[in-house]
Structure formats: C-alpha cells, structure tokens
Amino acid sequence: MRSVFGNVWRTALVLCLWLASSSFASAAPPYKTFTEDHNRMPVRTQDAYLPAGTIETAGELTFSGPADLFVDAQDRLYVADTGNRRIVETDRNGRVARVYGEGVLQSPTGVFVDEDGAIYVADSGLGQVLKLNRSGEVVQAWERPNSPLYGKNTPFKPLKAAVDKRGNVYIISEGTTNGVVQMSPQGDFLGFFGSNMSKVTLRRILEHTLLTEKQRSMLPKVEPNSPANIAVDRRGLIYTVTQGDEGRSVKRFNISGNNLLPEDMWYDPLYTDLYVSARDNIYAVSQQGFIYEFDTEGNVLFAFGAPDDGRSRNGLLKNASAIAVDSRERIYVADKEKNLIQVYEPTEFADQVHDALELYREGHYVRSQEPWTSVLRKNNLFDLAHKGLGDAYYKRQMYEEAMAEYAIAKDREGYSNAFWEVRNRWLQQNLKYVFAVLLAAFVLWKGIKQLHRRTGVFNAPLAALRRLFQVRLLREVRFVFRFLSNPFDGYYGIREERKTSVWSATALYALFFVEYVLSLYYTGFIFRSVETAELNLVRELLYVFVPFALWVAANYLVSTISDGEGKLAEVYQGTIYAMAPYLVFSPIITAVSNVLTLNEAFVYSFSYQLLTVWCGVLLFMMVKEIHDYTIRETFKNVFITLFTMVILCLVAFIVYVLLDQVYDFLHSVIREMMVRAEH
C-alpha cells in the first residue's frame, strides 16, 4: 500500500512542480515548494530555498561537465570538473583557491575530502581512486583488486568515492552490481558493501517454474541496479542512492550493511546524487532538477525545483549531476549541461524548521516548542511541526494538548503514549468512584429484583416489554442470538421452522451497514484506518453490499446445479444471520477501542480476527445446513462460489468496458452530426 502511495505522491508532486515552474513572475522563484502530509501526499508550503545565483566561473576558470561536488568543514567547495580533467577548490562565492590534478587526472567523476583535508578523486578514465594532499601530490592510489573474491569478470571503473572515519574507501564502480566496493586504507579489498536487491517479478517466477534449465540459461540475467552515488555523514555512516530502485532508492547502512531508512521513502527514478548535511538532513537531486530534503527518519521536509524550460531562469536545471550543502544549509547543485553550479539560499522558514529539528533530535523537546510554534504560524499544515509540538507538550506533562497535536499529525504512537498518561491519571483519580458506582448499581439491581419478587410491582411494564418482543419483526431479528449459542438450531429454524423472513434479514443487512459506518467514524483514533472527513457513504455502501450480493447470487447459482436444496430466500437470510458475531460484538469492540492504547493493540486486532473467523465458520455451516451438503460437498461449493464471484466481477467489467465504448461511439456520432448540421 505504501508503495502505491509513493507512486501517487511522485506523480502528483512532479506534476505540481513542473506546472508551477511556468506560473511565476520573474520576481518569485520559478518553482513551488511542497512537503508531505500524514497521507504522504504533496502539500504546498512556504518557499524553503530561493535561488541565490550561479557559479559559472572560478576566477578565470570555466567548468566543463561538472560531475561531482563536495563541501568540507571550512565550507570550501570542491568541483570535479570532468571535462577539464581537474578538481577545482573554491570558496562559497566561487573564488578559486586551488586546482588539483592537472596533468594527472583523465576523467575525474567523483570527489571527497576527509577530516584531514586529503582529497580523494574517483577517476573513471584511469580506473583508479587517487588520494591527493593539499599540495596536489598523489600520495596513494586504489586500483582494481587482485583478490579472487572480487571476481575475475567484475569491472572496476570508479565513478564516486567516499571515506569513513577508519579510512576505509567506498567506491561506486560502473557496472558493478554486487554493491559498493570497500577497500582498506592500505588498498586491500574488504568486500562488497550495501548491495541492492534484484526484483523478483511474477514473470520471473513463472519462467523459473515452467522453463527448462537450458531455456532459462538463454534468458537475460536479472541483476540488481548499481548504486549511482554515495555519501558519508558525520558519524561515518554510509549512504547510497540508486536509480530505478523504487521504494529503496535512498539507503543508510549500519556497519553490517543493513538499511536503516524506511523502504517507502519518496521515490524519484532519476536520482543522481545525495548529500548529508552537518545537521544530518539528507538532500537528494534528480537529473531533471527536482531537489528533495529529508530528515534523519526519511520524511520529506521540502521538495522543490523544476526542469529548465529554455528561458534561462535562475534556479532551474537542465541536467543536475551533483548536490552539496554547506554549514549554513546553502545548497549547491552542479548542472553538467549548463556547465555551472546553481546556489540556493535557505529562507527564514527553512531555518526555523532546521532549528526546531535540531533541538528535537537532541532531545530538547521543551526548547523546540517555540520554533515549532513559529513554523506552524507560517504553515499550519506542516505535520512534522505538530508532532514536534506534541513531543514538547508531552515532556511538559501537558498530555491533553499533546494528544491534540499528535492527532493532527496522525502520530498514533505519540497519541497512544499521551493517552496512556491521561488514562492512568484518570484511573488514579476516579477508580474508587467507578467501583462505588458499580457496587451501588449491583445493590440497586438486587434490591429491585427482591422488591419485584415480593410485590410484582414491575409486572405491567415487563408484560408490555414481552408483548413488544413478540412483534414478528423484532422476534425474527432477536433470533440472531441463537446463532451465537447453537448455530445448527439457528439454520434449522431458517430452513424448516421459518423463524426468520426476508424482512428481518433485510433489517439485519441495514443494521450491519449502520454498525460498519459507525465503526469507521467512532473507532478510537489509534486504531482508525480511514479519515472520517474523506468517507463517502455511497462508496462504503458498495463496499458492503456488492460482496454480499455477489455471494448470495453466486452461491445460489452454484447450488442449483450441484444438488443444493436451499432456496434463494434462505441463502439471503442465512448469509446475514451468519454475521451474528459481528452484529452483536462489533459495537462493543468499537466502543472499547476508544480506551485502548497501542500496548493493548492485541486485544483490538485479536477481537476482530476472532469475529472474522467466527463469521467465516458460520457462513460455512450455512452452506452445509441450508443446502444439506456433506463436509466435502460444502468445501467444493464454497470454492466454486468464490470462483463464480470472480467470474461475475470479470463479466461486469467487460460489460462496463463495452458500454463505455458504445457510449463514446454514440457520443462521437452525435457530435459529428451536430457539427455537420451547423455547416
């Protein structure tokens, strides 16, 4: 489901960004900025980054196809100037400081600078990763490993490189599908790191099952995508970005090579680079010029940018190849087609989000309250701010306020923790009164029974109640309780004793729908699966009654040709009476869900699982008893009924398509006739 949301997110956001790029006056940025809401859908937000100019030259030097960028601790910018076969070091204003590798490098496509200032260059032309000192001298080179573990036919064409705190070198090699090449400071091959997973499709499963070994050998190999770029954060953790690896494009690895980021992060098929800022925010750029900023948990903070529309507007990109961020959160993006570096400056809104996030990550929840509040003044739909504000309230033991903020952010875990505190406080203050009320109610009940036994004071109202319950429709509806205690007797009552009717069954179907809708609206927030504001009663009506109608129709049709004795009315009645557990207990579970936390989630989930199994067993018994089948015949009937339901859906879809085509044809003919009549 989340991958589906990811596709929708991506399509909607890219469309929004692209359309926005052509709808601005020249004084405003030529793009809009979006974030994501709790439904992972794009939401317009204030501009987070504004174009701050371009770096087209470094002193007298021009760039030619810049392929990579890096910013060191002193905010010096390093450019892998691939076309000019050099590394250019500039300050943040583009003034050239040094040039490295002239006369040595052939095709520098990656650059990295360690804490000591040593420069690592991935040169695909040389087939090496070179380490340069501050004077530009080559002090070490990493070449193709000689280890048999590397593989005789595995290519070694370094495109990007990064170095961790231990001095190990991580190399992205073109065409290497085993993962990132990891080498020691001395040049020894340590193994492959952080490999991607190949996709197993239904087609591949069928080919593996149905084809012979010789036929399978003729098929193209299914290999995982190679990482496109690599980065290292201040803790030494390795990040990679991969094109075409949906849901797992951006990864953060621990020392064991396991991905620590969620697998449903925002997906762009054309990611080219990523960078981790000093605040541990993750920045990624796509080839088309879309820029994304994620927090450390993989949530989208901002998404902005757009492809160049040919009008040379500042801030738009043609072929983005690299991204880097300095200590002031200024973003640098290399455009290797325009041969320049685009610079983006954070706005006051982005600075407030970053400040609040930093306090939040460091555990200063109370101190983060003020910046989160400032963020919400500018954009009340910024869900991450509501979550941060909820944490601040929680730490201050303002649990009701925290619940309100968590509810807006749809943070069920935070809401559960705050609600647990509210519930615990309420129980401590009121538990004695609850027991007192229960005891008083018990004593009152015993007293009323004793009084009635001696005086018969309630004979008249009880008689009236019994007469009410003897009304045929109510009596037939109450028969549903028989299915909880003795379902065989219940189905015998439907088939032989006529203790139910089509009217009572219809009333129960209506009651089922009412209970279903009430569960959608009034299930506790922690367990609610839908947004009440987005509920469509017509759609929910179809969700409930179309499966019922298909089941009743299919079961009756199948039974009439397989010696079933049940009538259509009996199948109609027996189906809804088989839902007796849901009809009786669903309102109770819905009510109880409002006083449970995630710690008691098992109670809620197990209850509904039990109801589902119980109703399924009763439905199975209905088929057996109504049609007078054996167990084996019942299994066969149920299976064929489910298959028939699928066929009926397929037929309905085909009829819909045909009618839609007929409608389009008639509509086109009528329009053509009207056009001809006008002329």
Side-chain angles (χ1 to χ4, degrees), residues 407 412 419 465 468-469 471-487 489-491 493-494 499-553 555 569-598 600-623 626 645:
R412 285 173 170 77
F419 177 67
L465 188 62
L468 178 63
F469 283 155
V471 175
R472 181 181 177 185
L473 182 60
L474 291 180
R475 185 177 69 250
E476 291 174 345
V477 169
R478 286 175 56 231
F479 191 67
V480 74
F481 292 96
R482 184 72 60 86
F483 290 81
L484 301 179
S485 58
N486 193 340
D489 189 30
Y491 290 120
I494 291 178
K499 290 188 175 182
T500 64
S501 65
V502 172
W503 289 109
S504 65
T506 302
L508 289 177
Y509 278 111
L511 179 62
F512 185 98
F513 178 70
V514 170
E515 291 186 8
Y516 171 75
V517 172
L518 289 177
S519 70
L520 295 179
Y521 275 100
Y522 295 109
T523 296
F525 168 76
I526 297 172
F527 304 102
R528 193 180 305 153
S529 58
V530 294
E531 295 285 343
T532 55
E534 299 173 1
L535 284 178
N536 184 317
L537 289 182
V538 175
R539 182 182 59 199
E540 301 303 330
L541 192 73
L542 295 175
Y543 283 166
V544 171
F545 289 117
V546 168
F548 274 133
L550 286 173
W551 167 265
V552 172
N555 185 260
E570 293 170 350
V571 175
Y572 176 77
Q573 296 167 43
T575 298
I576 190 59
Y577 277 90
M579 301 295 110
Y582 183 90
L583 292 168
V584 174
F585 295 109
S586 175
I588 299 174
I589 297 174
T590 299
V592 171
S593 70
N594 287 275
V595 297
L596 298 177
T597 69
L598 287 177
E600 301 90 35
F602 170 78
V603 175
Y604 178 80
S605 60
F606 178 75
S607 298
Y608 264 114
Q609 290 169 5
L610 181 62
L611 287 189
T612 303
V613 173
W614 196 351
C615 291
V617 171
L618 291 181
L619 199 61
F620 180 86
M621 294 173 63
M622 183 276 291
V623 176
I626 293 295
M645 292 172 66

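Aromatic ring centres of Y491 and F483: separated by under 6.0 Å. The ring of Y604 has its center closer than 6.0 angstrom to the ring center of Y608. A distance of 6.0 Å or more separates the ring centres of Y582 and Y516.
Remark: R472 engages E476 in a side-chain hydrogen bond (donor to acceptor under 3.5 Å, both in side chains) (not counting sequence neighbours). Checked against side chain to side chain contact (heavy atoms under 4.5 Å, CB included), N594 has no partners two or more places apart in sequence or in another chain. Residues that satisfy the side chain to side chain contact (heavy atoms under 4.5 Å, CB included) test with L542, not counting sequence neighbours, are V546.
With S593 contributing its side chain and G524 its backbone, the two residues share a donor-acceptor pair below 3.5 Å.
Summarising the geometry of M622 relative to T575, their closest heavy-atom pair is CE-OG1, 3.6 Å, with the distance given to 0.1 Å. Contact record, S586 with L611: N-CD1, 4.2 Å, taken as the closest heavy-atom pair. The shortest heavy-atom contact between E515 and L583 is OE2-O, 2.8 Å.
A 4.5 Å side-chain heavy-atom check between R482 and D489 finds at least one atom pair inside the cut-off. At least one side-chain heavy atom of F512 sits less than 4.5 Å from a side-chain heavy atom of F548. Between K499 and I494 there is no side-chain heavy-atom pair separated by less than 4.5 Å. Between I589 and V592 the shortest side-chain heavy-atom distance does not fall below 4.5 Å. Contact check for L535 versus L520: side-chain heavy atoms found under the 4.5 Å cut-off. Counting heavy atoms from C-beta on, the side chains of P581 and L484 come closer than 4.5 Å.
Between the side chains of Y572 and T506, a donor-acceptor pair is found at a separation under 3.5 Å. Between T597 and E600, the side chains place a donor N or O and an acceptor N or O closer than 3.5 Å (distance only, hydrogens not considered). Side-chain contact annotation: S504 with Y577, donor-acceptor N/O pair under 3.5 Å present.
No more than 12 heavy atoms of other residues, nucleotides or ligands shown are found within 6.0 angstrom of OH on Y522. Counting non-hydrogen atoms of neighbouring residues, nucleotides and ligands closer than 6.0 angstrom, the CZ atom of F481 reaches no more than 12 such neighbours.
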>> Would V617 and M621 count as a side-chain contact (heavy atoms from CB on, under 4.5 Å) here? Give the steps.
In response: CA-CA 6 Å; V617 171; M621 294 173 63; 4.0 Å; yes

> Could you go step by step and tell me if I526 and L596 meet the side-chain contact (heavy atoms from CB on, under 4.5 Å) rule?
Replying inline: CA-CA 8 Å; I526 297 172; L596 298 177; over 6 Å; no

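To the nearest 0.5 Å, atoms CD (E570) and CD1 (I626) are separated by 5.5 Å.
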